[in-house]
Structure formats: structure tokens, C-alpha cells
Amino acid sequence: MYIFSDRKYIISFIFIGLVLIYLGRLFYIQVLDDKYKLAANDNALRHKIEYPERGVIYDRNGKILVYNEAAYDLMVIPKRVKKIDTTDLCRLLEITREDFIEKLAELKKKKFSSFRPEVFESELSLETYATLQEKMYKFPGFFVQARTLRKYPNKVAAHALGYVGEVDEKIVEQNPYYRSGDNMGLSGIEKSYEIPLRGQRGVKIVMVDVYNREKGSFENGKYDTASVLGRSLVSSIDLELQQYGEKLMQNKVGAIVAIEPSSGEILSLLSSPTYDPNLLVGRVKSKNYRKMLVDTLKPLYNRATMAKYPPGSTFKLVNGLIGLQEGVINENTLFSCSRGFHFGGLTVGCHPHASPVNLRFSITTSCNSYYCNTFRNIINKYPRAQTGFNVWRNHVLSFGLGQKYPVDLPQESSGNVPTVKYYDKYHGAGRWNAISVISLAIGQGEMGVTPLQMANYCATIANRGWYYTPHVIKSIDGGRIDTLYRTKQKTTVEARHFIPIVDGMRNVVMNGTGRIAQLDSLTVCGKTGTAQNPHGKDHSIFIAFAPMDNPKIAIAVYVENAGFGATWAAPIASLMIEKYLRREVKRPEMEKRILDANLLPKKEDWISKK
Amino acid sequence: MARRNKEDVLQNIDWMLVLLYLVLVTLGWFNIYAAVYNEEYKSIFDTSQSYGMQLVWIVSSLVIAFMILIIDGEFFPSFAYVLYGAFIVLLLAVIVAGVEVKGSRSWIGVGSFRIQPAEFAKFATNLALAKYLSNINIKFEKLSTKLIAAAIFAVPALIIILQNETGSALVYGSFVLVLYREGLSGNILLLGVAMVVLFISALLVDEWILLVILGVLAVGSFLFVRLRRQNILIVSVLLIFAAGFVHSVDYAFTNILEPHQKKRINVLLGKEVDPKGAGYNVNQSMIAIGSGGMIGKGYLNGTQTKYNYVPEQSTDFIFCTVGEEWGFAGSVAVLGLFVILLLRIIFLAERQRSSFSRIYGYGLASIIFFHIAINVGMTIGLAPVVGIPLPFFSYGGSSLWSFTILTFIFVRLDAYRFQILR
């Protein structure tokens, strides 16, 4: 039987041969081909994103404007749900059994892996959460997950603070930082300070098993990046002033902006009607947003930075200043006024008052004729109307009008100061003169100024010729803000020319059109305005600053369709000044009159604050 | 040199084979620990976990091994047929009285203790085959001898198929190698290989194209063989046979196989990609092995292994643990150890004086080889997913006991070799 013993070599060869083939294959998949290594990481590694808490925003006195509140979502892993007492869980969640079954079935078929946690019920109430937590062991497959939501304890400054929402596809495409599902600030401070507020998201690589259960960090966290907390901001807004302003503006449409002239810090910025910023947080957001979007009073619209109103008579101050700077008038120049300014067939009417008037008195009494003359003289100082107009326009721009500030609030309108080009197009090149555009003399016509610009212009006068770019944030995490907000912007008008203008403004309050704004010993300076409104009743405007020397607050108040500036805007401004400088208001009758007033065009379904 | 005591078993044992056995079993145990590693039960001795139980199986295997070694060497040839008969009866009994586990009726249980007789029938069959072929009165050249020899391992295989354990039944095919060693024509082996190639081609290539190719090959063969009537006849018969085979494979595939079986075959052949269904195991297994790299991720550091991405990892897919945690180096080491084991068995088999012992040795080597080929092959996508364990490595009492008995009967026979008269 030894004849076949050589076959041991063949058999050995078969054994070795097959093992060599296998080793070749193993060498290929283990060493040469990277595909399996990637697939293994895909299997077992999860990049878990850790969202840091968003920064808190304080008011200028350290009171909290917005912070984060924990919210609890009930999560479910559909595959893990065992036989549970559905009745009990439904009662806790206040849903019907049918809803429960339907919801669960939907989640089960929706996702690729039934082991992935899904939100079953978002933002449980604290009571529900507490009861649920105790009974959680009864409901295998369910668990509660915490996250944070923005919370506005004082329900104010909705427009200034803005809101946070989910990023859209466009942002995800443009900005590699964001992934779909992320939140970001979408308006207000939340938007303009998104980067410091959001902090830096961290990534933690965790290992998961085949059931998607976490099994600890990968390589002891060697590849993890820590999240960086959002930075806290100190806003220049004065919470109490803001609250008071919103109260005064209830049942009125308009805006108030108050600025500290010496720093450009915005003390209060409000648009009315406003809304409780908590309405745009969490699961109630989309419902409320849609509701507000169709509201005819446009509560979402930030009138303070976006609405372009004609400045009306308040603009006379600018024309007076330009006249002085251009030398076409001096503080003693007199113009006569016989119920208005008459030129050819044109009349710009004026109310009855003594004539002739000098500069100071023209402000006190808000004489139209005086400024039509002044404006005409400015334009006519130059051989061509276009040249004169450009000179005038540049002066106007230096007051921060007709241009966007690099303000730290998004959604800002630049307002409108018409250009030569505009009139050339409208009247034909060279076929217009000072008289054609005379309405600019009294702040009507094509002029458009936002309440923010108006307040800043008032602050500029208070400072006698300069301003800091208005801003709503004082410091970031205790650090200083951008140098932009610490650079003086000078007007083209010299400081000395402001003396008669400020005197005039003081007189407005002492014994002129704005007497109502008088505030005992405080040297309030102001100017009324009544902007003609083609759509309805005139807008009531008042700008003011106080005290006269070393001013602490400059304010602009607009009340839409309310009539004369003196009637509504002036007392509101005066009360605001009192509130800010005295911290308490001691004019209850005036306060009551304002609070009780309902100046809304029509009571429609707009969302009032709760 | 002291005169060797031919009757002292311990003196005559091939310690190298025993050592290889011990090394493989120990490595298997460590890899099972890694595969089912559970942080709550860190002790490798914890019998509530597979690794603790495997130690129980290992210790009991050593007891069994020792018992086999103290049995008289003459016992095995003498009781070969008795054992074989007993196991045939047992296999049949399982069909009637067995416990059904995962769709196959192959377990027999006493209380909570369950074993798979199919595993143990291997050694009995090997003994019976060796007994039959070593009979000095038989002539292997005779067809009847070959048929009887084939029947000896075909019968248990058929019974096991009836138990729905096709994988275990396939193992009995490995005895063909034993027959080859004893004189079976190499052409039969080649024919077998040719049939496998044809079988796969029939599934991959369109039937008509394949027939054309076969025709061309037949005509082309006359470039190498002389154009004689006899040769023409042989080639024609082969061609007709091949065509019939291809056609029946095609027919069987489309008409007889169940959809899930078709799918499994298609996935294996690469005609279908199905990482979540039939191909899931293989896909995950290849990911685990492929991610091991050159030197592996380190013991207990394999993410795929630790987090249970590969199903059945402690049993059929234990090689994944080696591949992932020890890398290509570990693969070489383990497969290398198996090759050394196989070559050692062949070497020992060839030095036997008795045909019985030699044939038994080849049977042992063939069974181990077949298990390695299928088991490792399936983990790297080169063999169909057939649930058979990796010898000495895979978790499981039946499997470990069975291989221990198979191996140590051979160790005993080898130690007995000097007592056998030529």
C-alpha cells in the first residue's frame, strides 16, 4: 500500500495552496484595501456634537435680558419599546391612545434604524417631566433628554434681542460651521452677535455598538474637541427704561430709540406693537410666527431701525445748522413770516406767530418760512442748484442721516436723503432749483429717516457736532467692543454753530411747541415734528435730550397716525427722560393719559403681550 | 539512549501535536473572551459567560483526551464498526426525538445539557472508514470497494442533511481526500474540481454562452490529444455530460431553490449586493477583518468585535476576532499554526505501520482542513456561509469535544504504533 505515498505531497500542496490563497486575500483586505477600515469607523464611531450653552445677555445694569432654560424632550427608541402601560403614559402626556399608537408607528417606519432615538414629545412641562421621571422605569424604550431654550424673563426688547431659529439650507451650504438642524440667531442681537453668543461647538467621538448604544469615548478622547461656552454680552439697553417705554407705547404704533450721547450706547430701542419674545421659542414658535406674520400691524417689523418716516419739523435743526455753517444766516438773521413762505404761486403754510423771527425763535415756534428761506439761500449760494444741493446733502449725511450705520443690529434701513441724480431724473437735468425741492426745508418730501437715525441725530446735536456710531452691546464677556464704536464721527458743522440751535431747543420746551415736555428743574431740550403722512393722520414726532449741558440721554419718539408731535410724542419722550434720569416718574396724570390712550388705527387681531 | 518502552503511552505520544492542540485551544479561548467581552463580567473564568463556559469545555476536553490516551490502542480498530453503528442509530434517533435549534433538528438533550451527535459521528465515521480500507482482504482497485467506502461516509452525511444541517453534512465530503490518498484516481478529484468550476460558471454565465465555450474547448482539446476514435468518444461523452450538468444546474437554480437560497448564492457570487440581508454577515465579517490592518487594533480593542457588529462571532465567525484585533500578522500566525498542524498530522500518518492508523490520520487532516477552508473562507467572502465551526477556536462544547476526540484517538494510535506488527 505504499505505492501512493507520494500523494502526501499533493495533499500537503493542496493544504498549503489554499491557505496561501486565503492569506493573499487577507493581505488584500487587511493591508491594501482601506475600504474596510472606513466602513468599520462608519459602523462603530459616532461624531457626537456637543452644543455649548448660548451666551447670556445682560442689560446695562447687570439684569438678565435673556438666559437659557432647560427643556426636556421625551425621546423614544422605537425598537426598544416593549409592552407598556400605554394608558398611563398617555394620561401623563395628555394625548389619546390612538395618537400614541399612530405616532409610534410613524416613527417606526420613518427611520432607517429603529434603534436611533427620536423625539416623541418635545418640551415637556416641568410637572410632566417630574412625574414622568419617577415612572420612567415603567416605559422601556423611552427616555428624557435635556436641551436648552432661550428664555426672556422680562418679556421685553423683542426687536432688539431678536430670536434664534433653525438654520436653513442656504446657510448650511454657505457656512461650513452649521449643519442642518442647528440653531442660530436669526434677527436682532442674536444674529449680529451670533459668533460670540454661540460659542464653539465641540465634537466628541463615541463608540457605539450594533444597537447604537454608546460605549464610551474613542481612544480616550484623543480626537475630541472641547466645546467652548457662548460668551455673555452686556447690552447697553436699560431694562427698566425699555420696560417703561414698551408700557407707554402700548396700544400705539411707532418706535422709541434712546441713546446716551457721550457713548453712542442705545439705552432703549423699541418698536410698537411688540411681542413677548418667549413666543418665538421652542415648539410654539412656528405657530406664533405665522400668526404675527399676517397681523396687519406687523409686530415683527422693527420700526425702530427699519421704518423710514419723514423727519418733519425736527429736520429744521439740521437746516439751521447748515445755514450757519454755510454762512447764509447767522444767529441774528431775521426772516418774515406771514402765515407761511410764499414764492411765486407756491406757499408753504405756517401757523400764526410774531414776525419777523430770528433763529432761536424760529426753532421755538417751528416757523416754516424761516427754514424755507434758509434752505433756499443755502442752495442758491452756489451758481448751480445741483452744486448747492450736493453741498447741502453732504452736510446732512454727516449727521448720520440717509446711510446705514455699521450698527450692531441687523435689518437696518439706510433711510433716504434724495440725490441730485434723483431730481435730475424726476424734473430733468438742471431743470429744478431750491424751490422745486423746498419741502426738504421742513423735513417733508422725499426725506426718510429711521427712528434710530433720528435719535442719533438728536444725540449729535446734544454733543454739539459729533456722535459715536450707535450700538446696543457694551461689552463681550467683560472685554471691550469694536473700536468702530469708540471712534468719534464728526459732523461738517462746527461746534459753535450748535449754541443757538440748542438754545432754541431749550426754548421749545420752556415756552415753545414742546412745553408739554417740561420737567421741573431738568434742562430738557427738544423739538416737535409732525410728519405728513399720505396714508392717513400725521405721525407725531419728538426728539429731545437732557440735560442741556453734559447730556445723558437723547431720544426720538415716533407715534404713527397720532397727529401733532406735541400731543403724544413729546409727553412720551418727557416721561422716558424722567424715568431714565430720575428712575421714577412723578407725573401720574400725564402717565395715565398716555397709558390709557389707544391710538391704534383699528383693533385687529394683533398679538398683545400677555 | 534508554530503550524506549513501547507500552508507555506518555513516552510515545507526539508531544508536538499535543502542544499545537493546546496552543490552538488556548488562543481560541482568548479570542472568544474578546468576541463576547462584557464589561460587567470581566473575569475570563465567569461561567455565566461564553468564555467561562469554554474553559469548562476545555477542561472537560482534556479529561476526555486523557481518557482516550489510557484506552488500549487496539480498542479503536476493534470497536470501529460498533461505534459507527451506534452513531448511525443515534443520528436517526435525533431526527425523531431531537430538539429543534435554529431550524435544524440536530440536537439531543438530557436536561439542560445538549449535544450535537452529528459532530461526534465524524470520528466514528473516520474509524469505520479506516477499518474498512485497512482490511487486508479488500482490493481498492475494485469499484465495489470504492462504492462501499463512499457509502460509509455518505450514509451519515445523508442523515445529517435530513436533520437540516447541510453544513455539517458537507464535511463528510472531505473523506474523498482520504480515498485519494489510498488510490482513488486523481481524475476523480479533477472531475470534482471541474464540476465545481462548471457549477459556478453555470450560475454566473448564460447557459448558451457556456455551452458554446464548452464546445470550443472540446474541439480545441484535439490540438493536444491525437484524433482517435476512442479520444473522440471520451471528449464527446464529457461534453454531453458537461452540457447536461450545466443545464440541470440552471434548471435547479431557477426552479427548485427557494428565493432566499437563490439570494444567498447570488450574493456570494457577487451578482447581488445586499449588505443588510443575506450578505450582512459576510459584509460585517469582512469589515471587521479588513479593518484590522497589518498588526491589528490590539487585544480587546476591536470596535467591530467588542460591539457585536458581526453576528455569531464567538462561534462561526471567530476568525473575525483574530483578523480585527491581531491584524494580518495574527491571520498569518493562526493559519500558519493550522498548516503546521495539518502537515504534522500527515507526517505522523505517513510514519504509521498500520494502514488503519494512517487512514485515520488522513481522515483527521481532511476534516480539519475542510473546516478551516469553509470557515475562514466564508469570513473573507471566498466560501459560502455554511455554519461550521473553526476547529479548536469556535465556541461550543460539541465542536471542541468532537475535535478533541478526533485528534486524541490519532495521538493514541500514533503512540501505539510500535506495538503494531507489520
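Naming convention: chains lettered A, B, ... in sequence-line order (proteins, then strands); numbering from 1 in each chain.
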K.L.:
Quick check for you: among B:Thr379, B:Ile287, B:Leu177, which has the greatest number of heavy-atom pairs under 4.5 Å with chain A?
P.N.:
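With the most close heavy-atom pairs to chain A, the winner is B:Ile287.
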K.L.:
Evaluate A:Glu194 against A:Arg54 for salt bridge (Lys or Arg N to Asp or Glu O under 4.0 Å), listing each step before the verdict.
P.N.:
CA-CA 9 Å; A:Glu194 164 69 6; A:Arg54 209 171 164 81; 2.8 Å; yes
K.L.:
Nearest heavy-atom pair of A:Leu92 and A:Thr128: which atoms, and what distance?
P.N.:
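That would be O-CG2, 3.5 Å.
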K.L.:
More than 12 foreign heavy atoms under 6.0 Å from NZ of A:Lys103: is that the case here?
P.N.:
yes
K.L.:
Please determine, among A:Lys35, A:Arg25, A:Glu219, A:Lys8, the option with the most heavy-atom pairs under 4.5 Å with chain B.
P.N.:
A:Arg25
K.L.:
Less than 4.5 Å to any heavy atom of chain A: does that hold for the side chain of B:Phe369, its backbone, both, or neither?
P.N.:
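It is the side chain, since no backbone atom gets that close.
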K.L.:
Do you know which of A:Val19, A:Asn41, A:Leu26 has the most heavy-atom pairs with chain B at a distance under 4.5 angstrom?
P.N.:
A:Leu26
K.L.:
At a 4.5 Å cut-off on heavy atoms, which part of B:Ala288 comes close to chain A: side chain, backbone, both, or neither?
P.N.:
neither
K.L.:
Does the ring center of B:Phe393 lie less than 6.0 Å from the ring center of B:Phe319?
P.N.:
no
K.L.:
Do B:Asn281 and B:Glu312 have a side chain donor and acceptor closer than 3.5 Å?
P.N.:
no
K.L.:
What part of A:Ile10 gets closer than 4.5 Å to chain B, counting heavy atoms only: side chain, backbone, both or neither?
P.N.:
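Contact with chain B is through the side chain of A:Ile10 alone.
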K.L.:
Would you check if the side chain of B:Glu324 reaches a backbone N or O of B:Thr305 as a donor-acceptor pair within less than 3.5 Å?
P.N.:
yes
K.L.:
Given that the side chain runs from C-beta out, which part of B:Ile289 has a heavy atom under 4.5 Å from chain A: side chain, backbone, both or neither?
P.N.:
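Answer is both: backbone and side chain atoms of B:Ile289 are under 4.5 Å from chain A.
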K.L.:
Is it the backbone or the side chain of A:Leu18 that comes under 4.5 Å from a heavy atom of chain B, or both, or neither?
P.N.:
side chain
K.L.:
Got a donor-acceptor contact below 3.5 angstrom from the A:Tyr177 side chain to the A:Arg201 backbone?
P.N.:
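Yes.
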K.L.:
Tell me, side chain or backbone of B:Val339 under 4.5 Å from chain A's heavy atoms, or both, or neither?
P.N.:
side chain
K.L.:
Among B:Thr303, B:Ile380, B:Leu335, B:Asn308, which residue forms the greatest number of heavy-atom pairs with chain A at distances under 4.5 Å?
P.N.:
B:Ile380
K.L.:
Can you tell me how far NZ of B:Lys297 sits from NZ of B:Lys306, rounded to the nearest 0.5 angstrom?
P.N.:
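B:Lys306 atom NZ to B:Lys297 atom NZ measures 10.0 Å (nearest 0.5 Å).
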K.L.:
Side chain, backbone, both or neither: which part of B:Tyr180 has a non-hydrogen atom closer than 4.5 Å to chain A?
P.N.:
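Looking at B:Tyr180, backbone and side chain both touch chain A.
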K.L.:
If you count heavy-atom pairs within less than 4.5 Å of chain B, which of A:Phe15, A:Phe27, A:Phe218 leads?
P.N.:
A:Phe15
